[in-house]
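Working notes for the structure below.
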Amino acid sequence: KEKHKILHQLLQNSTS
Amino acid sequence: SPTVSMAELDHQVQLISKSHLETCQYLREELQQMSWQNFLQDEVESYQSKPREVMWQLCAVKITEAIQYVVEFAKRIDGFMDLCQNDQIVLLKAGSLEVIFVRMCRMFDSQNNTVFFDGKFAGPDVFRALGCDDLISSVFDFAKSMCSLHLSEDELALFSAFVLLSADRSWLQEKLQVEKLQQKTQLALQHVLQKNQREDGLLHKLRCKVSALRSLCSRHTEKLSAFRAVYPDIVGTHFPPLYKELFG
């Protein structure tokens, strides 16, 4: 998870 | 397929087209309005005289911006967020650049052999400082051949989703789930091609593009490794973190 921190974050952000 | 109705396929086409239009970064009309704006010779020369690492960094930033839109596209594809997180990441790591290359044909002017980049339309010579003329020329050739298919926005949307949902990517944990999504997308793509009365061979032509996309992406990875071998600190400290996560 640490390796793809930003991608995880982008995926978790709700779609605007 | 006997398990998917026409109405479901229509719905699928509508959903994916909507997701595509909401996340495509530039609308066709916007691009059309800017289509007369080409870089002037002195501007081309200024890109060419940038240090290699500065031009690489600029392109990495532009690719990263585009990738953020592809992530949003993926999130809005029905079923994508139901996949396990590992598989979401695997599909985006392998497919986001491929989708950017597919989307590039919207920003490409075949007549002038230019692509919208950094505010204006740029020919391949703008990218000379990267030191990857062969790759750049292949990317332009790919965009030109995609343009020659004259895909509509809904066809492009479905093809992008089909590329992103490739079930043959390495390291997928729930391959079957991805396969189901990709099959459903392929049916929707076939459905839209039929509905738009496209020629019979178009689906085959699109399937051939998949291997071209893979080749472009692996060549991008090779060029990045070669660049990183010479400029490890530039990549480490100046490249966007998301770019490093995806291609590092």
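Treat the numbers as computed from the prediction; the structure is a model and nothing was measured. Every chain is numbered from 1, with letters handed out A, B, ... down the list of sequences.
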Next item on the list: Considering only heavy atoms and a distance below 4.5 Å, find which of I89(B), V71(B), L92(B) pairs most often with chain A.
Entry: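 With the most close heavy-atom pairs to chain A, the winner is I89(B).
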
Next item on the list: State, to 0.1 Å, how close Q88(B) and L11(A) come at their nearest heavy-atom pair, and which atoms those are.
Entry: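 Minimum heavy-atom separation between Q88(B) and L11(A): OE1-CD1, 3.6 Å.
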
Note to self: Please find the pair of heavy atoms, one from E72(B) and one from L10(A), that lie closest to each other, and give the distance.
What the structure shows: OE2-O, 4.4 Å

Item checked: Q12(A) CD to Q85(B) CD distance, which is reported to the nearest 0.5 Å ->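 These two atoms lie 5.0 Å from each other.
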
Let me have the donor-acceptor pairs involving side chains of residues 236-248 of chain B, under 3.5 Å, with sequence neighbours excluded, atom names and distances please.
unit_1	atom_1	unit_2	atom_2	d
T237(B)	OG1	D233(B)	O	2.6
Y243(B)	OH	H220(B)	NE2	2.8
K244(B)	NZ	G236(B)	O	2.6
E245(B)	OE1	I6(A)	N	3.3
E245(B)	OE1	L7(A)	N	3.0
E245(B)	OE2	K5(A)	N	3.1
E245(B)	OE2	I6(A)	N	2.7

